[in-house]
Amino acid sequence: MTEWQGLVALSIQNVVLIDRLDMELQPGLCALTGETGAGKSVLLDSLGLALGARAEAALVREGTEQAMVTAQFDLPSEHPALERAQDQGLSIEGTLILRRTISIDGRSRAFINDQPVSLALLKDIGALLVEVHGQFAAQGLLDPSTHGRLLDAFGGLQDQAAKVRAAWSAWREGDKAREALAQALAQARQEEGWLRASLNELDEINPQADEAQSLSERRNLLQSSGRILEAVATARDMLEGSQGAERQLVAAQRALARAAEKAPAVLAPALAALDRAMIETRETLDALDALDRTDEFDPLGLERIEERLFTLRALARKHGVEVEGLAGLRRQFAQRLGLIENDDDTLSGVAAKVQLLRTEYVKAAERLSASRAKAAAELEKAVSKELTPLKLGKARFGVNLVTLDEAEMGPGGAERVQFIAATNPGVAPAPLNKIASGGELARFMLALRAVLSAAGGVPVLVFDEIDVGVSGAVADAVGERLALLATRVQVLAVTHSPQVAARARDHLRVDKVMQKGRALTRITRLDDDSRREEIARLLSGAEVTDAARAAADSLLSAAVEAA
């Protein structure tokens, strides 16, 4: 695995003008340049497919049956995308591979590390990996649900936000417990008469834990008592009858004892063994006598056990539980009646605890609100500084903190955070996803991303021709900010601007070539010489002049010095 996190490889097969394209990507800022119509948009569409974008059969290259796109990301083990995948039971370590196939009939399939997944999961994980900004598409920062997290990250408020979430969870759990207690108490009051009668009945029968099992084992023993007693009688007769073992052992002992007078050492072991056998035999007979005297096999005991089991089973059926559950049911009824006897003290105590939890949440949320107000002012100021160099000096950026009613409050705090902006004078600020689209919006997103890049987020940013309509110093400012952003995250920039391309650490050129009468898209990684030539082409057009090459050298030298 590489030491950086981001998109390390993109493989595309049979998508529109692309038959087979394998790209290895580098960290930092990567510029993608090429003539209009060469296929740069196809590259972005292909990446979008791997991230869960909508698929259409028209994307499958003519004459083929299936298109396929594979995007490989190297990520740290704690990255949210890996955690999200692992939460869904996927086995992934470090390298995350997203793959999408589209058949000619429009059907698509999604895979993560060769494991089939739903398109919804692929899209969720893709949103944690790549954010696209351009003339006609933008995501991530335009989603208001991300604004609170981004503001907290910008202001270093993550710990405060975590405390608010914890306080909210404690309050809601406490309130759920209070509601459950109130409902249980109301039901107990309604069923008080039945509860008391049922508890009295259970007290009278007094069921014990595991009683049914012990009674069943006892019943099985008594049902076999006849065969057991018959076996005892047979064993006793064989041991102490006229030809029984005990008499035979005594006779053997006498015979050996007489012979032992002449050979005591030789016969001593045999005599000792006979002594032990006689002792064991006597113990066996004593045990058999005890069985004769025991009441373990009392015939009346079987009848009592059957009656007890019948009573327990009838009571269990009455209450809809197993026999083993009667003892627990007895405790439950007693606890429910205990609620009634101590209802005021119990309920008021829980309510007081819930109120305390609410107070703790409100205090934590108020502290977070005050901190967010300060962070919002700082963010507004920082973004405003970025707008002027990007030819957006008349635009305004704001952070709207909408105070919520208590019923609307949640784990995110007491306000809703929303980024707002106005790109033209005299126009009231509106949510980011409502302001004018186009290159102007993309540059606005760049300014915001430049400020928020240190606040975390996706590891890969894609900017699609955000330099349209600008040149000179503004284009240079765009390139400068893209390069700065690329020191923190991986940035892919589709551009026609020589100023942006000169700032790139890696430069890929997209070309359309003819092969066997068909147009195909090709990607070339440029070396220093070919990169100089490409930047010169961007400066001068189709005919590259020496003056354009000199200007390209100047841009590249300036970019190196700035880096």
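A pairwise comparison of heavy atoms in Ala50 and Val69 identifies CB-CG1, 3.9 Å as the closest pair. Considering all non-hydrogen atoms of both residues, Pro459 and His79 come closest at CD-NE2, 3.6 Å. When all heavy atoms of Glu65 and Val60 are compared, the pair lying nearest together is C-CG1, 4.2 Å.
Within 6.0 Å of the CG atom in Asn206, the count of heavy atoms belonging to other residues, nucleotides or ligands exceeds 12. Remark: Arg109 CZ is loosely packed, at most 12 non-hydrogen atoms of other residues, nucleotides or ligands lying under 6.0 Å away. Residue Arg525 places its CZ atom among more than 12 non-hydrogen atoms of other residues, nucleotides or ligands, all under 6.0 Å distant. Annotation: Gln86, atom CD; neighbour count of heavy atoms from other residues, nucleotides and ligands within 6.0 Å is above 12. Within a 6.0 Å radius of CD in Glu24, no more than 12 heavy atoms belonging to other residues, nucleotides or ligands are found.
Contact of the Leu96 side chain with the Leu98 side chain is registered, since non-hydrogen atoms from C-beta on lie closer than 4.5 Å.
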Assess the residue pair Asp152 and Arg372 against the criterion (salt bridge (charged side-chain N to carboxylate O under 4.0 Å, His left out)); give the C-alpha distance rounded to whole Å, side-chain angles, the decisive distance to 0.1 Å, and a yes or no. CA-CA 7 Å; Asp152 291 342; Arg372 279 176 171 170; 2.9 Å; yes
Show, in sequence, the C-alpha distance, side-chain angles and deciding distance for Ser371 and Gln160, and conclude whether the side-chain hydrogen bond (donor to acceptor under 3.5 Å, both in side chains) test is met. CA-CA 9 Å; Ser371 298; Gln160 285 191 47; 3.0 Å; yes
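Within the model, atoms CD of Gln72 and CG of Leu25 stand 10.5 Å from one another, a figure rounded to the nearest 0.5 Å. Note that CD of Glu204 is 10.0 Å distant from OG1 of Thr311, once rounded to the nearest 0.5 Å.
Here the side chain of Tyr361 pairs a donor or acceptor atom with the backbone of Gly410 at under 3.5 angstrom. The backbone N or O of His147 sits nowhere less than 3.5 Å from a side-chain atom of Gln418 that would complete a donor-acceptor pair. Formation of a donor-acceptor pair under 3.5 Å by the Glu408 side chain with backbone atoms of Asp405 is found in this model. Side-chain atoms of Arg178 do not come within 3.5 Å of backbone N or O of Ala352 as any donor-acceptor pair.
Of the listed residues (Asn113, Thr70, Asp114), just one forms a side-chain hydrogen bond (donor to acceptor under 3.5 Å, both in side chains) with Arg99, and that residue is Asp114. Here the options are Leu90, Leu128, Ile92, Ile125, the test is side chain to side chain contact (heavy atoms under 4.5 Å, CB included), and the partner is Leu82; only Ile92 passes.
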